[in-house]
Amino acid sequence: MPADARTWLVLPTYNEADNLEAIVAAVREHLPADRRVLVVDDGSPDGTGGLADRLAGEHGDVEVLHRARKEGLGPAYVAGFARALAGGAELVAQMDADFSHDPADLPRLLAAVEGADLVLGSRYVAGGGVADWGAIRRLISRGGSAYSRLLLGVGVADLTGGFKVFRRPVLEAIDLPTIPALGYAFQVETTYRAVRLGFRVVEVPIVFRDRRVGESKMSGSIVVEAALRVPAMRLSRRRR
Ligand SMILES: Nc1nc2c(ncn2[C@@H]2O[C@H](COP(=O)(O)OP(=O)(O)OP(=O)(O)O)[C@@H](O)[C@H]2O)c(=O)[nH]1
Ligand SMILES: [Mg+2]
């Protein structure tokens, strides 16, 4: 097992064979030297896992976590974060592997976490935005964030985004294994729990673009999950 690293990036993949090599190269370029890139692959049928193994063989700072089957983004992140913490991570970044999140934004997010506990790459603060999206998807995303903000009563503009950097104590405090969400709701819940626990959350503007290549996995069911899960988060807080 290689030496511990301070900054870990968790990169979940499902059928990202056409993106993986380029995204790994790009993030390695923009992360500090004391880094580890963890690819979490859910048995992608397109061979992403094997490709990731090859990259891990070539680069000492790349590691792969293979999971048997596709279980959704949430469980993949829970497993990846646990591995990063076990590997000594002080900072844990997360982003999509399809170039929707720009690897060149990583230094700005990492700089911001020097003065925060959780940094969110945010589409909905000044300077942030979404390229490429049509009216419907914009509406779903904006509406989802507004809905969550209203229901949860937190002052975070972009609750559903997946480009973030956590300080270690946040991941240790938010009780990851008890987050049941699979899709966007997972992103909402990690941020919501951090806010509730009093951690400092800072939003940094980013522009989100459509995936460069590969098939979209956006589905109605994860939107519905988020719509139902958000009020459940609010209720479980009352119960606690
Ligand atoms: N390990 C793992 N990764 C996943 C799973 N679902 C999605 N991902 C990865 O999570 C990231 C975000 O998922 P996307 O499919 O890009 O979701 P999206 O951006 O909402 O939708 P599209 O880009 O339109 O497909 C990508 O890197 C995916 O490969 C999963 O079940 N397991
Ligand atoms: Mg995507």
Side-chain angles (χ1 to χ4, degrees), residues 8-27 37-53 55-56 62-84 92-103 105-106 120-123 129-145 148 158-164 176 179-188 190 206-227 229:
W8 284 63
L9 172 70
V10 181
L11 211 51
T13 58
Y14 190 75
N15 287 347
E16 301 290 0
D18 294 335
N19 286 312
L20 189 69
E21 186 152 17
I23 193 80
V24 167
V27 300
V37 177
L38 179 66
V39 177
V40 183
D41 186 68
D42 280 8
S44 296
D46 75 345
T48 302
L51 177 57
D53 284 334
L55 296 171
V62 176
E63 178 175 328
V64 193
L65 183 62
H66 294 281
R67 291 156 44 79
R69 54 176 196 284
K70 178 165 166 58
E71 283 187 315
L73 200 59
Y77 268 128
V78 170
F81 291 159
R83 169 67 199 115
V92 181
Q94 62 161 86
M95 66 188 283
D96 294 355
D98 58 1
F99 284 97
S100 285
H101 299 138
D102 186 349
D105 289 336
L106 280 167
L120 309 176
S122 179
R123 296 161 292 183
V130 175
D132 315 320
W133 278 6
I136 301 274
R137 198 157 172 193
R138 272 174 205 269
L139 201 72
I140 291 174
S141 175
R142 268 222 181 250
S145 259
S148 308
D158 192 344
L159 272 164
T160 55
F163 197 3
K164 309 186 183 185
L176 288 161
I179 301 182
L182 306 179
Y184 300 118
F186 178 80
Q187 315 295 4
V188 178
T190 55
I206 58 147
V207 174
F208 182 97
R209 343 198 127 262
D210 262 345
R211 59 169 50 252
R212 225 189 242 176
V213 284
E215 235 169 76
S216 176
K217 277 158 263 156
M218 158 92 176
S219 72
S221 67
I222 59 173
V223 175
V224 172
E225 177 199 51
R229 186 63 211 146

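Because only heavy atoms are used, hydrogens play no part in the values below, and waters and symmetry mates are left out as well, while side chains stay in. Counting convention: from 1, in listed order, for ligands and their atoms alike.
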Are any of the N or O atoms of [X] closer than 3.5 Å to those of ligand 1?
{"X": "Tyr14", "value": "yes"}
{"X": "Ala97", "value": "yes"}
{"X": "Ser100", "value": "no"}
{"X": "Gly72", "value": "yes"}

Check each atom of ligand 1 against the heavy atoms of [X] and keep those under 4.0 Å away; list them by number with element.
{"X": "Lys70", "answer": "5 (C), 6 (N), 30 (C), 31 (O)"}
{"X": "Ala76", "answer": "1 (N), 2 (C)"}
{"X": "Glu16", "answer": "26 (C), 27 (O), 28 (C), 29 (O)"}
{"X": "Asp42", "answer": "1 (N), 2 (C), 30 (C), 31 (O), 32 (N)"}
{"X": "Tyr184", "answer": "20 (O)"}

Any chance you could measure [X], atom [atom1], to [Y], atom [atom2], to the nearest 0.5 Å?
{"X": "Arg137", "Y": "Asp132", "atom1": "CZ", "atom2": "CG", "value": "10.5 Å"}
{"X": "Glu16", "Y": "Asp41", "atom1": "CD", "atom2": "CG", "value": "9.5 Å"}
{"X": "Thr13", "Y": "Asn19", "atom1": "OG1", "atom2": "CG", "value": "10.0 Å"}

Checklist entry - Relative to each other, are the rings of Phe163 and His101 parallel, tilted or perpendicular (30° and 60° limits)? => result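 Phe163 vs His101 ring planes: parallel.
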
Checklist entry - Should the ring pair Phe208 and Trp133 be called parallel, tilted or perpendicular, given that the plane angle runs from 0 to 90° and is split at 30 and 60? => result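 Taking Trp133 first and then Phe208, their aromatic rings stand perpendicular (interplane angle over 60°).
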
Checklist entry - Hey, are the side chains of Val10 and Arg83 touching, using non-hydrogen atoms and a 4.5 Å cut-off? => result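 The answer is no; the side chains never approach within 4.5 Å.
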
Next on the checklist: With side-chain contact (heavy atoms from CB on, under 4.5 Å) as the criterion, how do Thr190 and Ile179 come out once you've worked through the C-alpha distance, each side chain's angles and the decisive distance to 0.1 Å?
Outcome noted: CA-CA 8 Å; Thr190 55; Ile179 301 182; 3.8 Å; yes

Checklist entry - Got a sec, which residues hit salt bridge (charged side-chain N to carboxylate O under 4.0 Å, His left out) with Arg142, two or more places apart in sequence or on another chain? => result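 Here no residue qualifies.
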
Checklist entry - Which residues pass the salt bridge (charged side-chain N to carboxylate O under 4.0 Å, His left out) test with Asp158, sequence neighbours left out? => result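 Salt bridge (charged side-chain N to carboxylate O under 4.0 Å, His left out) check on Asp158 returns Arg123.
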
Next on the checklist: Looking at every non-hydrogen atom in both residues, tell me the closest pair between Glu225 and Gly183 and how far apart they are.
Outcome noted: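 Smallest interatomic distance, heavy atoms only, reads OE1-N, 2.9 Å.
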
Let me have the donor-acceptor pairs involving side chains of residues 67-74, under 3.5 Å, with sequence neighbours excluded, atom names and distances please.
unit_1: Arg67; atom_1: NE; unit_2: Asp42; atom_2: OD1; d: 3.0
unit_1: Arg67; atom_1: NH2; unit_2: Glu71; atom_2: OE1; d: 2.5

Checklist entry - Of the listed options (Arg211, Arg212, Arg209, Arg137), which comes nearest to atom 18 (P) of ligand 1 when hydrogens are ignored and any heavy atom counts? => result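 The option holding the nearest heavy atom is Arg137.
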
Checklist entry - Quick one: how many protein N/O/S atoms are under 2.8 Å away from the Mg ion (ligand 2)? => result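 Near the Mg ion (ligand 2), the number of protein N, O or S atoms below 2.8 Å is 1.
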
